[in-house]
Amino acid sequence: MGASRNFGAWRHLCVGVFAFGSRTWRRRLSVCPGLRRLTRWPVSMSDSVPDISHDQHAVRRQKLAELRAAGFDPFRANVATTHFSQDAKALHVDGQDYATPVTVAGRLVTFRVQGGSSFVKIQDQQGQIQLYFRKDVLGEERYTVFKKQLDLGDIIGVTGPLFKTKTGEITVRVDAFTLVSKALRPLPEKWHGLSDAEQVYRQRYLDLIVNQESRHRLMTRARIVSAVRRFLEDRQFLEVETPVLQSVAGGAAARPFQTHHNALNTDFVLRISLELYLKRMLVAGYDRVFEIGRNFRNEGISRRHNPEFTMLEVYQAYSDYRGMMTLVQDLLRHLVRDVVKPTETEGEGESAITRPSMRIKHAASGEWIDFGAEWREVKYKDLIIEKTGDPQWFSRSKEEKIAGVQKLGLFADAKWEDFELTNEIFGKLIEPNLIQPTFVTHLPKELCPLAKITADDSSTIDVFELIIGGMEIAPAYSEQNDPDVQRAMFEAQAGEEQQKVDHDFLLALEHGMPPAGGMGIGIDRLAILLTGAESIRDVILFPQLRNTAG
RNA sequence: GGUUUCCUAGCUCAAUGGUAGAGCAGUUGACUCUUAAUCAAUUGGUUCAGGGUUCGAGUCCCUGGGGAACCA
């Protein structure tokens with residue numbers, strides 16, 4: 001890597017730690033003057049130089065220019081770290097100060113100079129670690145470079161032994177340091193962080209540097225995805241990748257994004273669901289498959305909706321929707337126990353006991369969601385009858401249903417189908433109030449054309465919707481594998497929804513798909529739930545925003 | 001798409017229609033175990049853009065841009 005070539009310019013400052021470069025060019029570079037020359041460049045400004053002290057960008061650029069003039073370019077330097085911050089701290093043995101040398105690197109986030117000794121903190125992927133710079137350790141010249149050329153936001157590498165300060169913080173006593181990236185722009189304010197929502201999303205990297213909560217939340221999301229993969233792989237599920245560019249947007253009812261392939265001169269849509277290709281894999285004989293992938297829906301943006309979002313879909317041959325119940329319950333409990341790891345504290349003060357818990361606070365309602373308790377299972381129809389107080393609801397005429405919906409204070413459009421009127425009650429009045437994990441089963445068959453019809457009730461399908469925190473977290477079905485019934489369901493829906501039928505998928509079904517259970521989980525919503533976030537934007541690194549003009 | 005609301009220093013926020021301020025950060029100085037370090041001094045503004053009302057607009061009105069909440 002050519003980029004490390006100038007690294008050796010600092011090698012003599014960090015003996016034995018930085019292992020870059022061959023011996024030959026170590027020798028060559030050892031004659032580089034490095035920063036030793038720096039202090040001979042007094043930072044004096046003649047009267048003709050304009051005052052830039054208020055312009056932090058200009059001040060930092062000037063510091064960079066001074067470093068380069070002295071023969072050192074931070075953008076051509078690097079550091080061979082030995083540990084991340086928290087791993088380094090864990091090495092320290094009580095009572096054995098200055099015994100364990102480490103090399104750590106990160107962004108300068110705290111700068112406290114007090115005369116001849118200074119405490120600073122750097123931040124890396126694992127968190128922060130304190131560094132102690134002393135003039136009598138580093139020497140006058142290097143200490144001056146540290147004080148005058150470094151700024152908050154710079155990225156540095158340091159080498160030195162661990163010790164514990166008198167206040168008990170494990171700290172690196174810096175024997176040598178090197179600047180490996182100069183921040184030309186200042187960080188947001190240290191105490192209040194960055195709170196302007198727009199900047200948080202447009203410049204997420206700043207949010208992640210200064211807001212620990214965001215840092216932790218988005219790290220948890222990454223761990224959730226990782227744990228989901230391991231959980232499924234442990235159960236012999238295979239991860240596969242299916243097309244994003246599709247000619248028919250199937251598997252859900254949503255408006256797709258349109259695009260065009262030039263060489264083929266063909267229009268494509270971006271997928272709105274993973275379902276139909278994963279089922280082709282069941283036909284192929286991959287009996288347990290899953291995909292974690294991006295879906296795109298050309299619809300509104302809200303606290304719960306981003307135009308691109310991440311779905312997990314799982315298909316298991318020879319299972320059914322009840323098998324999916326067990327799977328999702330095991331999965332979510334695993335995520336709570338091993339990723340989120342909530343704790344509960346009992347008692348006060350000295351006698352307080354903290355123990356692992358299975359409860360997570362629901363941000364919107366303030367209620368505690370208990371993943372450890374038994375999960376409620378209830379039929380869709382029973383919930384509707386309970387809410388309307390009408391045991392005969394499902395045999396009422398459309399006019400009676402419209403009146404019933406309006407009586408509950410909801411808007412009812414005369415153009416809606418019966419099941420849409422009923423589902424309005426479910427969506428507006430029932431779902432938002434299901435805070436504890438609830439399996440809602442036996443939905444009306446019009447709501448999904450891809451599931452098997454219930455054996456003893458031809459108006460419902462063998463499905464569940466797992467609702468937690470008032471949000472639909474995971475729909476699951478006993479997958480429809482009768483090609484003729486599937487075609488009829490598609491055609492009935494195509495009439496209403498103006499959707500295209502995926503004939504290629506139907507052809508695959510005619511070759512025979514094993515009976516299977518399938519399930520989808522919205523990863524973003526799952527992350528909202530498990531991290532206690534309030535908006536989908538809080539769990540997506542770069543949520544969709546309008547382009548700024550100009 | 002509709003309603004409401006917000007946009008002021010690098011960041012977080014002030015400012016009855018009447019001279020645009022503070023904290024942090026920056027700059028200069030003091031300080032060799034600090035924890036939002038401290039102390040002293042000091043710089044920094046096209047108040048999102050463009051119009052209008054007014055003797056006078058950050059503030060009121062209109063248009064546009066962007067954000068947020070609620071609704072669809």
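Note on naming: letters A, B, ... go to the chains in the order of the sequence lines (proteins, then strands), and numbering restarts at 1 for each one.
Within the shown strands, B:U42 is the pairing partner of B:G26 under the Watson-Crick or G-U definition, both distances less than 3.5 Å. Look at B:A14: it lacks any Watson-Crick or wobble partner with both distances under 3.5 angstrom. Judged by Watson-Crick or G-U wobble contacts below 3.5 Å, the nucleotide B:A9 has no partner. Base-pair partner of B:A57: not found among the strands shown (Watson-Crick or G-U wobble, both distances under 3.5 Å). When both pairing distances are held under 3.5 Å, B:C70 makes a Watson-Crick or G-U pair with B:G2. Across all strands shown, B:A49 is found opposite B:U63 as a Watson-Crick or G-U wobble partner, with both distances under 3.5 Å. A 3.5 Å limit on both hydrogen-bonding distances identifies no Watson-Crick or G-U partner for B:A36.
For the pair A:K401 and A:T422, the minimum side-chain heavy-atom distance is below 4.5 Å. The shortest side-chain heavy-atom distance between A:L64 and A:Q62 does not fall under the 4.5 Å cut-off.
Put simply, A:K190 has no side-chain N or O that comes within less than 4.0 Å of OP1 or OP2 on B:C11. Applying the 4.0 Å criterion to OP1 and OP2 of B:C33, one finds that A:S117 has every side-chain N and O outside that range. Distances shown here put a side-chain N or O of A:Q199 below 4.0 Å from the OP1 or OP2 atom of B:C11. OP1 or OP2 of B:C31 has not a single side-chain nitrogen or oxygen of A:K147 nearer than 4.0 Å.
Heavy atoms of A:H192 sit under 4.0 angstrom from primed sugar atoms or phosphate atoms, though from no base atom. Contact annotation for A:T110: backbone-only contact, meaning every heavy-atom pair under 4.0 Å involves sugar-phosphate atoms and none involves a base. Looking at heavy-atom distances under 4.0 Å, A:V113 makes contact with a base. Base engagement by A:T165 is indicated by at least one non-hydrogen atom pair under 4.0 Å involving a base atom. A:K164 comes within contact range of no nucleotide atom at all, as no heavy-atom separation falls under 4.0 Å. Contact annotation for A:F163: base contact, defined as any heavy-atom pair under 4.0 Å involving a base atom.
Within 6.0 Å of the CD atom in A:E213, the count of heavy atoms belonging to other residues, nucleotides or ligands does not exceed 12.
Distance, A:D55 CG to B:C11 C1': 15 Å, rounded to whole Å. Note: NZ (A:K121) to P (B:C33) measures 17 Å, nearest angstrom. Rounded to whole Å, atom P of B:A36 lies 11 Å from atom CD of A:Q130. Atom NZ of A:K166 and atom C1' of B:C33 are 5 Å apart (whole Å). Between A:L187 atom CG and B:A25 atom P there is a gap of 12 Å when expressed in whole angstrom units. Rounded to whole Å, atom P of B:A36 lies 18 Å from atom CZ of A:F111. B:G26 atom C1' lies 17 Å from atom CG of A:L64, rounded to whole Å. Taking atom CZ on A:F146 and atom C1' on B:U32, their separation rounds to 12 Å, with Å as the unit.
The P atoms of B:G10 and B:U5 are separated by 28 Å, rounded to the nearest whole Å. Rounded to a whole angstrom, the distance from the P atom of B:G50 to that of B:G26 is 32 Å. Using atom P as the reference point in both B:A49 and B:C11, the two lie 14 Å apart (nearest Å). Taking atom P in both B:G56 and B:G52, the straight-line distance is 12 Å, to the nearest Å. With C1' as the reference atom, B:U59 and B:G21 are 15 Å apart, rounded to whole Å. Spacing of C1' atoms, B:A57 relative to B:U8, comes out at 14 Å, to the nearest Å. Look at the P atom in both B:G44 and B:U54: the space between them is 35 Å, to the nearest Å. A gap of 12 Å separates the C1' atoms of B:A14 and B:G58, to the nearest Å.
Among the nucleotides B:U12, B:C33, B:U34, the one closest to any side-chain atom of A:L194 is B:U12. Of the candidate nucleotides B:U43, B:U32, B:C24, B:C24 has the atom lying nearest to any side-chain atom of A:E189. Comparing B:A36, B:A25, B:U27 against the side chain of A:V59 picks out B:U27 as the nearest.
With RNA chain B read from its 5' end, the first of the two nearest nucleotides for A:R60 and A:F119 is the one closest to A:R60. Between A:S53 and A:G168, the one whose closest nucleotide on RNA chain B sits nearer the 5' end is A:S53.
For a distance-only test at 3.5 Å, the side chain of A:E169 fails to qualify as a donor-acceptor partner of the base of B:U34. Judged by distance alone with a 3.5 Å cut-off, a donor-acceptor contact links the side chain of A:Q56 to the base of B:A25.
Salt bridge present: A:R221 and A:D524 bring a charged side-chain N and a carboxylate O closer than 4.0 Å. Comment: A:E308 engages A:R294 in a salt bridge, judged by a side-chain N to carboxylate O separation of less than 4.0 angstrom. The pair A:K182-A:D154 meets the salt-bridge criterion, with a side-chain N (NZ, NE, NH1 or NH2) lying under 4.0 Å from an Asp/Glu carboxylate O.
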Side chains of residues 87-94 of chain A: which donor-acceptor pairs under 3.5 Å do they make with residues two or more places apart or in other chains?
unit_1: A:D87; atom_1: OD1; unit_2: A:Q126; atom_2: NE2; d: 3.1
unit_1: A:D87; atom_1: OD2; unit_2: A:Q126; atom_2: NE2; d: 3.0
unit_1: A:K89; atom_1: NZ; unit_2: A:Q128; atom_2: O; d: 2.8
unit_1: A:H92; atom_1: NE2; unit_2: A:D97; atom_2: OD1; d: 2.8
unit_1: A:D94; atom_1: OD1; unit_2: A:K164; atom_2: NZ; d: 2.8

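Taking the six-membered ring wherever Trp is involved, the centroid distance between the rings of A:F119 and A:F111 does not fall below 6.0 Å. Ring centers of A:F426 and A:Y380: under 6.0 Å apart, within the cut-off.
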>> Within the 4.0 Å limit for protein heavy atoms, which parts of nucleotides 67-72 of chain B are touched? Write it as a string from 5' to 3', B for base, S for sugar-phosphate only, - for none.
In response: SSSS-S
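Remark: A:F133 engages A:F146, A:F177 in a ring-ring contact (aromatic ring centres under 6.0 Å, His included) (not counting sequence neighbours).
Residue A:W416 forms a side-chain contact (heavy atoms from CB on, under 4.5 Å) with just one option from A:L421, A:I402, A:V405, and that option is A:L421.
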